[in-house]
Number of protein chains: 2
Amino acid sequence: MEVLIAEDEQSIANTLLKSFAATGNHAVIVGNGEEVLDAVKKIRFDVILLDWRMPKMTGLQVCKRLRELQDQTPIILLTALTEIANKVEALNAGADDYITKPFSFEEVLARINAVLRRFQSNTNSLPFGNFILNLITHSVEMETETVKLSEKEFELLKFFLLNKGTIISKEVLCEKIWDIHYPTTTNFVEVTVKNLRKKLEDFTSQKFIRTVYGEGYIFFAD
Amino acid sequence: MEVLIAEDEQSIANTLLKSFAATGNHAVIVGNGEEVLDAVKKIRFDVILLDWRMPKMTGLQVCKRLRELQDQTPIILLTALTEIANKVEALNAGADDYITKPFSFEEVLARINAVLRRFQSNTNSLPFGNFILNLITHSVEMETETVKLSEKEFELLKFFLLNKGTIISKEVLCEKIWDIHYPTTTNFVEVTVKNLRKKLEDFTSQKFIRTVYGEGYIFFAD
DNA sequence: TGTAAAAATGAAAAACATTTCATTATTGTT
DNA sequence: AACAATAATGAAATGTTTTTCATTTTTACA
């Protein structure tokens, strides 16, 4: 397991580092929030432990910033504070859990494992723009409204979201969604794209599905 | 949201009860662990708040017992204790989170929402017997075969699985799945039950959906 | 056992989703 | 600008699901 620890108190940092090493894991220590943001750009971590009090940015600010940057790495906040407002703030800022100091390494491990357990199983929603594709209800949700997709529309949008930013040929869509080999005699792919576009445009004027002439489609969000 | 609160201190219990009502939720209060075990047999709750100190059984014991009984309802422990050992114990006993007293109602709600978020995104399948209901594909899977359910069949089976072992009236199904108020002029609930039974029986001779004459249906698995 | 209420069933009707098809619009190339 | 290839569209045809309805079966209870 790859752990990123943001902690400016040397003694705590070193104890954690050794403990992780002793349990067969690998930890990287950084001393402030900016270094966290740099580190996550370079390496993928399984979990991030953020000290609440740090130089420059607080753990909370780092947490918020990471979520703004669409980073979904599980975050556990380490805090010496006990004020209720902070706990609520932490959870609402996108942290997955927090641990109050003083803590035992045993507790840290228990917390991490609990958070990872939740995370490991697949997500039930795929966000894009201001929207969310709910994989259970097969509908697109925004703040106020919800639109139910037909089955083919759902599978198409899901496929686009899992492959956003890359050109997807009709041939591939045919194979993956309809399980039909190219060439097809009719244009059901185009028709389904049209219908999906229509449903999304009822929400917004944003053009998510762009056509690449002669090659296929490409999905853009953010 | 349906909340079960196990709390023997009347003042705390009443405050919670009122606060939940004020936020459009419904809470049930019980005073000891045995009543918790009784209550979950009858009704499905979205979350259980367990006081650590209670007559007869501690919250921890109740928590362990519920997990032994295969009850997966999210549990949040309410505790006045601050010893680290207890926190670890709580998480290892199968609790999903804990709140230290004193707490604000705001924190309780934030915690519940955080737990529910994890819980929901944690499961994309519901197992029953030797089968699995895949919540993403809306199909029932067994070792070799797979059957795709229609939308109503899917919602019905999902509802049964989330409420297994309890009697479910047609009235409730009508409200929750069709969003239609009783009484109905026609018998679409019975028809959908019939079709779902048929699809399940193509897999197995096991009778999952039992009729309770004059009351509704009850789903049995394991 | 007979009866009335409740539930199950097969099949038609209605609503909805998918696919096909003819036509129009757009794109890249000359 | 003109052309051919590709894509988009509206609407019809087909297929599937949902709902309705008439009838049969099951149940609890006298």
Side-chain angles (χ1 to χ4, degrees), chain A residues 137-140 146-160 167-202 205 207-220, chain B residues 137-140 146-160 167-202 205 207-220:
Chain A
T137 63
H138 296 188
S139 55
V140 173
T146 288
V147 165
K148 186 125 185 39
L149 302 181
S150 79
E151 196 184 321
K152 292 299 179 204
E153 289 160 4
F154 167 73
E155 292 201 45
L156 185 60
L157 178 54
K158 184 173 145 200
F159 193 84
F160 276 138
I167 295 174
I168 301 158
S169 68
K170 288 172 196 174
E171 198 170 319
V172 167
L173 293 174
C174 235
E175 296 275 351
K176 299 279 183 179
I177 296 178
W178 278 266
D179 203 19
I180 286 173
H181 288 290
Y182 226 71
T184 57
T185 60
T186 66
N187 68 341
F188 49 83
V189 178
E190 278 105 325
V191 174
T192 308
V193 167
K194 184 198 75 178
N195 293 334
L196 176 57
R197 275 178 169 151
K198 188 137 182 293
K199 283 204 183 164
L200 294 180
E201 280 163 15
D202 286 347
S205 59
K207 305 287 186 199
F208 289 110
I209 304 167
R210 200 170 301 172
T211 302
V212 183
Y213 188 87
E215 297 189 55
Y217 299 99
I218 186 164
F219 194 95
F220 277 104
Chain B
T137 62
H138 297 190
S139 56
V140 174
T146 288
V147 166
K148 186 125 187 38
L149 301 181
S150 79
E151 196 185 320
K152 292 297 180 206
E153 289 160 4
F154 167 72
E155 291 200 46
L156 184 60
L157 179 53
K158 184 173 143 201
F159 193 84
F160 276 137
I167 294 174
I168 301 158
S169 69
K170 286 171 199 177
E171 200 170 319
V172 166
L173 292 175
C174 236
E175 296 275 353
K176 299 278 184 178
I177 295 178
W178 278 265
D179 202 19
I180 286 173
H181 288 291
Y182 226 71
T184 57
T185 59
T186 64
N187 68 339
F188 49 81
V189 179
E190 279 106 324
V191 175
T192 308
V193 167
K194 185 199 74 177
N195 293 335
L196 176 57
R197 276 178 168 150
K198 187 138 182 293
K199 284 205 182 165
L200 295 180
E201 280 164 14
D202 287 348
S205 58
K207 304 288 187 198
F208 288 110
I209 303 167
R210 201 170 300 172
T211 302
V212 184
Y213 188 88
E215 299 190 53
Y217 299 99
I218 185 165
F219 194 95
F220 276 104

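Below, chain A is the first sequence line, B the second, and so on; all start at residue 1.
- To the nearest 0.5 angstrom, L200(A) atom CG is 11.0 Å from N195(A) atom CG.
- Computed from coordinates, the E171(A) CD to dA7(D) C1' distance equals 17 Å when rounded to whole Å.
- By the 4.5 Å heavy-atom criterion applied to side chains, F208(A) and L196(A) are not counted as neighbours.
- Between T211(A) and dT26(C) there is no side-chain N or O to OP1 or OP2 distance below 4.0 Å.
- For K194(B) and dT19(D), the NZ to C1' distance is 12 Å, given to the nearest whole Å.
- Listed by chain and number, the residues in a side-chain contact (heavy atoms from CB on, under 4.5 Å) with R197(B) are V193(B), E201(B), I209(B), T211(B), Y217(B) (sequence neighbours excluded).
- Minimum heavy-atom separation, K148(A) to T137(A): NZ-O, 3.1 Å.
- Between R210(B) atom CZ and dT26(D) atom C1' there is a gap of 16 Å when expressed in whole angstrom units.
- Rounded to 10 degrees, the angle between the two end axes of the helix from dT1(C)-dA30(D) to dT30(C)-dA1(D) is 30°, with five pairs used at each end.
- Using a 4.5 Å heavy-atom threshold, the side chains of H138(B) and E151(A) count as separate.
- The only member of I167(A), L156(A), L157(A) that meets side chain to side chain contact (heavy atoms under 4.5 Å, CB included) when paired with F219(A) is L157(A).
- One can place CD of E190(A) at 16 Å from P of dT26(C), the figure rounded to the nearest angstrom.
- Using a 4.0 Å heavy-atom cutoff across all strands shown, K198(B) reaches no nucleic acid atom at all.
- Minimum interatomic distance between I177(A) and E155(A) (heavy atoms only, all atoms of both residues): CD1-O, 3.7 Å.
- Closest heavy-atom contact between V147(B) and K199(B): CG1-CD, 3.7 Å.
- Within the 4.0 Å cut-off from OP1 or OP2 of dT9(C), not a single side-chain nitrogen or oxygen of R197(B) is found.
- The closest side-chain heavy-atom distance from W178(A) to V189(A) is below 4.5 Å.
- For E175(B), the side-chain hydrogen bond (donor to acceptor under 3.5 Å, both in side chains) criterion is met by H181(B), not counting sequence neighbours.
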Pick out the pairs of N or O atoms, protein on one side and nucleotides 27-30 of chain D on the other, that lie under 3.5 Å.
residue : atom : partner : partner atom : Å
dT27(D) : O2   : Y213(B) : OH           : 3.1

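- Residue contacts shown for K170(B) are limited to sugar-phosphate atoms, with no base heavy atom under 4.0 Å away.
- Scanning both residues, E153(B) and S150(B), for their nearest heavy atoms gives OE1-N, 2.9 Å.
- Rounded to an integer number of Å, the gap from E201(A) CD to dA8(D) P is 11 Å.
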Report, as a single string ordered 5' to 3', how protein heavy atoms within less than 4.0 Å touch nucleotides 13-22 of chain C: B base, S sugar-phosphate only, - not at all.
----SSBBBB

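- Between the C1' atom of dT9(C) and the CD1 atom of I209(B) lies a distance of 15 Å, rounded to the nearest Å.
- Residue I167(B) contributes atom CD1, which lies 15 Å from atom C1' of dA7(C) at whole-angstrom precision.
- Take K170(B) and apply the side-chain hydrogen bond (donor to acceptor under 3.5 Å, both in side chains) test, not counting sequence neighbours, and it matches E190(B).
- Per the geometry, CG belonging to L149(B) stands 16 Å off P belonging to dT16(D), to the nearest Å.
- Residue-level contact check: Y217(B) touches the backbone only, with heavy atoms under 4.0 Å from sugar-phosphate atoms and none from bases.
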